[in-house]
Amino acid sequence: MLITLFKYGLITTHSQYCRNFAQKGVNHALISPGSRNAPLTIALARHPGIQAKSVSDERSAAFIALGMSQNLKEPVVICCTSGSAAYNYAPAVAEAFFQEIPLIVLTADRPKEWIHQHDGQTIYQTDIFGKHVKQSFEIGADYSHPDSVWQIERSVNHALNLAMTEPKGPVHINIPLREPFYPLENEEVRFSPRARDIKRIKPVFQLSKEDWTEIIEKVIDSSRILIAVGQEELNSALSEVLAKIQEEFNIPVLGEAISNVGLDSISKHDLFLGGDDSLLKPDLLITIGKSFISKSFKTFLRKYKAEEHWHLQYGDHLIDTFQSLTQIIPVSPLDFFSKLFADIDYDNFRNGDMEERDPEFKNIWFERELKARNMWNLSFRLILKPNHLMNFW
């Protein structure tokens, strides 16, 4: 959807972006005030399908948008004027990149001929966020030729599709704009009825029958398996299937403080790891999620390396947090563990093998977990009621 500004006989398409945003389910924008980004502000603020809010500080606006995107599970637009305003987005953009959060970063810019000409708020904005965005795009400063509209449509579609492709992440669209920025008093500001929507079909990541058979056999043959969950969004279906695997297959599940596992998992490992932990060493480690914040857990797994370490992730970047990675599996955790549970459960039923997996490894983990929980609860009670200290001692 465009706002068409009739200026000097030319049709400038400053709000082509908004039409594409709305078509692809982008409904929220945080705008920081400025002059150079006025055409974008007008487009975002007046678009009926976009809820636009004004946040004067760019750094704050970007972090607010990051939180909104996490909560809404959809891309959020941030829009600012030219110059150092764009740099203030950098901390939140970097966070969004590593947290795989789809921010749509719109930065207004001076036309290129004015860069480094002692004109206010002119800096090098092309690729300003470097490797901390999935890709940077730049729109031409002139809109008189039909190919300019085509380039806008193509670039915006590409950016939005890329932001929502796993692994998700921020994209940057730099937009040089010429004056005048505002419609005249009697000038019509209207939205066009349509814009090109170039869809990208979501790929289906599916392992070959041979690879899956090998995975199943390895899980069945391994007696010391540990599932570790790093930073993850709350997913009740995933928590449910992990709980079944832990209970029925005696495979312990460790959840970081930021994992949102939501089940009776190993969670107090910081209180008991650090001594002789050899009995806790897994033969097979399966990890999901992003960062692990527990230093003691990372030190433990780097010291007592698993013979095999599988990490479930999309994307091509090789992430080897525990220095033991042997296999990257490009499927969603919910799909992987759901199929794993169903197939092993069926295999046990088909073969008449109803004998449980030896619970020894799980019991070792949970014995230490229980002691740590008791110690934690006692410490908490003593903090709340310090007069109990005399009785305790």
Side-chain angles (χ1 to χ4, degrees), residues 16-30 49-50 62 65-79 89-90 92-107 126-139 150-175 195-208 211 230-235 237-238 287-291 311-319 327-336 338-339:
Q16 182 69 25
Y17 327 104
C18 293
R19 175 61 175 173
N20 291 117
F21 294 161
Q23 285 179 329
K24 291 182 179 292
V26 183
N27 303 307
H28 297 271
L30 270 68
I50 295 177
L66 186 147
M68 289 174 62
S69 182
Q70 280 185 308
N71 184 54
L72 297 169
K73 295 180 174 53
E74 65 182 43
V76 173
V77 172
I78 50 177
C79 175
Y89 281 160
V93 169
E95 185 75 13
F97 179 78
F98 288 107
Q99 297 300 329
E100 300 175 7
I101 296 171
L103 288 185
I104 312 298
V105 184
L106 304 183
T107 56
T126 303
D127 296 319
I128 193 172
F129 302 111
K131 293 183 178 180
H132 291 124
V133 290
K134 294 188 72 175
Q135 191 167 328
S136 290
F137 300 84
E138 184 150 297
I139 303 301
W150 168 67
Q151 191 238 354
I152 291 173
E153 290 178 327
R154 188 186 74 241
S155 298
V156 173
N157 271 281
H158 188 180
L160 291 172
N161 288 338
L162 187 61
M164 292 302 292
T165 300
E166 299 286 356
K168 299 175 184 179
V171 292
H172 174 215
I173 306 176
N174 193 51
I175 308 166
R196 288 179 65 198
D197 181 12
I198 304 173
K199 294 181 173 63
R200 186 181 191 277
I201 296 175
K202 185 177 180 180
V204 176
F205 295 93
Q206 189 171 3
L207 302 179
S208 69
D211 287 337
Q231 184 174 13
E232 268 286 348
E233 294 182 353
L234 181 63
N235 186 325
L238 176 60
T287 56
I288 64 174
K290 295 184 276 291
S291 298
H311 184 55
L312 277 56
Q313 69 165 74
Y314 293 115
D316 300 324
H317 196 81
L318 196 154
I319 299 172
Q327 190 162 249
I328 295 172
I329 304 177
V331 296
S332 77
L334 178 58
D335 291 343
F336 177 86
S338 296
K339 184 168 175 56

When you compare the side chain of [Y] with that of [X], does any pair of heavy atoms fall below 4.5 Å?
X	Y	value
L72	N27	no
V133	V171	no
P75	M164	yes
I139	I173	yes
K134	T165	yes
P333	E232	yes

[atom1]-[atom2] distance between [X] and [Y], expressed to the nearest 0.5 angstrom:
X	Y	atom1	atom2	result
F137	I104	CZ	CD1	9.5 Å
S69	Q99	OG	CD	11.5 Å
L106	I175	CG	CD1	4.5 Å
E233	Q70	CD	CD	7.0 Å
E74	M68	CD	CE	8.0 Å
Q327	L312	CD	CG	9.5 Å

Item checked: Closest non-hydrogen atom pair, H311 against G289 ->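 H311 and G289 have their closest heavy atoms at CE1-O, 3.4 Å.
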
Next item on the list: Please test I128 against T107 for side chain to side chain contact (heavy atoms under 4.5 Å, CB included), starting from the C-alpha separation and ending with a verdict.
Entry: CA-CA 10 Å; I128 193 172; T107 56; 5.7 Å; no

Check: Under 6.0 Å from the CD atom of Q206, do we count more than 12 heavy atoms belonging to anything else shown?
Finding: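 Check fails, neighbour count at 12 or below.
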
Margin query: Is it the case that the side chain of H28 and the backbone of V76 share a donor-acceptor pair, with hydrogens and angles ignored and the cut-off at 3.5 Å?
Written below: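 No; judged by distance alone, with no hydrogens or angles, the pair does not exist.
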
